[in-house]
Amino acid sequence: MKIAFIGLGNMGGGMAANLVKAGHEVHAFDLSADALARARDNGCATYTSVREAVQGAEAVVSMLPNGAIVDSVYSADVIGQAPTCALLLDCSTIDVATARKVEEAARAAGYAMVDAPVSGGIAAANAGTLTFMVGGTAEAFARAEPILSAMGKAVIHAGASGAGQAAKICNNMILGATMIATCEAFALAEKLGLDLQTFYDISSKASGQSWSMTSYCPVPGVGPQSPADNQYQGGFAAALMLKDLKLAMEAAQAAGAQTPMGARAEELYQKFADAGHGGLDFSAIIKTL
Ligand code: NAD
């Protein structure tokens, strides 16, 4: 299949390479010359604009930084430029309202479009083991599923347009809040004189257990290998957790939902980023407790 790929950064670079490995003809574009060079090394054909990359495409996949960029790229250079038979798939993490607005504009112009944000970081993007949460019609999901499967281990239909983004931010709001709660508990356990490995052995088999504890323990040397064992380098940057918490708070406000724990997690990650730690893995917030 001829697939245009827009946005070849940390995530998109590996995803485009996996589409090539699956036998697709990938027509790639990014504003960065370095990203384009890496895409060429990975077997993509590269172009000098979005408009050129989407000519004749059967599908367009995007992996861009935020909603404003997704909106401008689709309205200026994809809608009306790609053939209307092309399926449009935006895999970026953006706000629900913009995802729905762009899909409506695409639908009005005759395209089928899905929002398909991902869970899993750069390593999963490179390995082709992302989880995709997809918003769109059943027909659009059926068309998207085989394309996304080439880049992921799980592709789940979340519901109508925008539902993928809704699932993503609700999931990451749980993650942000449980990570902080887990960090607090380990910090308190230490002050109360508990051995941290012993506390882990107890709590990981008791009701305090969570993914933040048993798959991504914020304490070095405790639990499975995690960014804590690598000075909090790599993993999922605190700045990206903050981005997702802000999207969750915006959505909560628009929907009139009460999210006091999510709001507190956003404040704490904002403080952490303001102190210059946004590039560290999000579990490094334990250092502030
Ligand atoms: P990134 O900044 O590494 O990549 C974004 C790329 O988009 C860059 O190469 C940039 O040059 C390009 N770009 C920006 N504007 C463009 C335009 N107008 N036209 C073409 N290209 C343009 O970011 P990333 O880490 O790859 O993240 C991409 C998306 O994936 C974000 O929405 C992010 O929230 C989401 N995400 C990231 C992770 C992660 O661990 N990095 C995990 C899950 C989801």
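Residue numbers count from 1 along this sequence. When a ligand or atom number is given, it counts from 1 through the structure's own listing order.
Some N or O of N10 is nearer than 3.5 Å to an N or O of ligand 1, by distance alone. Taking any N or O of K243, backbone or side chain, at least one lies under 3.5 Å from an N or O belonging to ligand 1. Where the criterion is an N or O separation shorter than 3.5 Å, residue side chain and backbone included, G235 fails it with respect to ligand 1.
With hydrogens and angles left out, the side-chain atoms of S62 and Y74 include a donor and acceptor closer than 3.5 Å. At a cut-off of 3.5 Å, with distance as the only test, a side-chain donor of S212 or T178 sits close to an acceptor on the other residue. For the residue pair D34/S32, the side-chain donor-acceptor check at 3.5 Å is not satisfied. With no hydrogens or angles considered, no side-chain donor-acceptor pair links S119 and K168 at under 3.5 Å.
Ligand-side atoms of ligand 1 in range of F29: 19 (N), 20 (C), range being under 4.0 angstrom from any heavy atom. Of all atoms in ligand 1, listed by their number and element, those nearer than 4.0 Å to a heavy atom of V118 are 43 (C), 44 (C). The contact set between ligand 1 and K168, taken as ligand atoms under 4.0 Å from a residue heavy atom, comprises 43 (C). For ligand 1 and S92, the ligand atoms under 4.0 Å from any heavy atom of the residue are 32 (O). Counting the atoms of ligand 1 from 1 in the order shown, those under 4.0 Å from a heavy atom of G120 are 42 (C), 43 (C). Contact atoms of ligand 1 toward G121: 40 (O) (distance under 4.0 Å to a heavy atom of the residue).
Distance remark: protein heavy atom present below 4.0 angstrom from atom 11 (O) of ligand 1.
Closest to atom 30 (O) of ligand 1, if we only count protein heavy atoms, is M63 CE, 3.1 Å. Of all protein heavy atoms, the one lying nearest to atom 4 (O) of ligand 1 is G9 CA, 3.3 Å. Nearest non-hydrogen protein atom to atom 27 (O) of ligand 1 is M11 CG, 3.9 Å.
The aromatic ring centroids of Y47 and H27 lie less than 6.0 Å from each other. In summary, the aromatic rings of F282 and F236 are positioned with their centroids under 6.0 Å apart.
In V73, the part holding a heavy atom less than 4.0 Å from any atom of ligand 1 is the side chain.
Scanning L31, T93, L8, L240 for the heavy atom closest to atom 15 (N) of ligand 1 points to L31. For atom 29 (C) of ligand 1, the nearest non-hydrogen atom from the set L64, D30, I94 belongs to L64. Of the listed options P65, G234, G7, P65 places a heavy atom closest to atom 5 (C) of ligand 1.
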For a quick test of your reading: what N or O donor-acceptor pairs under 3.5 Å do the side chains of residues 132-146 make, sequence neighbours left out?
unit_1, atom_1, unit_2, atom_2, d
T137, OG1, A140, N, 3.0
R143, NH2, C85, O, 2.7
E145, OE2, S149, OG, 3.4

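Considering only residues two or more places apart in sequence or on other chains, S226 meets the side chain to side chain donor-acceptor pair (under 3.5 Å) condition with none of them.
At a threshold of 4.0 Å, the pair R100-E104 does not count as salt-bridged, since none of the basic side-chain nitrogens sits closer than that to a carboxylate oxygen.
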>> Between Y232 and H277, does the side chain to side chain contact (heavy atoms under 4.5 Å, CB included) criterion hold? Intermediate values first, please.
In response: CA-CA 10 Å; Y232 303 97; H277 305 311; over 6 Å; no

> What's the verdict on salt bridge (Lys or Arg N to Asp or Glu O under 4.0 Å) for K246 and E250, showing C-alpha distance, side-chain angles and the deciding distance?
Replying inline: CA-CA 6 Å; K246 283 185 183 300; E250 265 173 49; over 6 Å; no

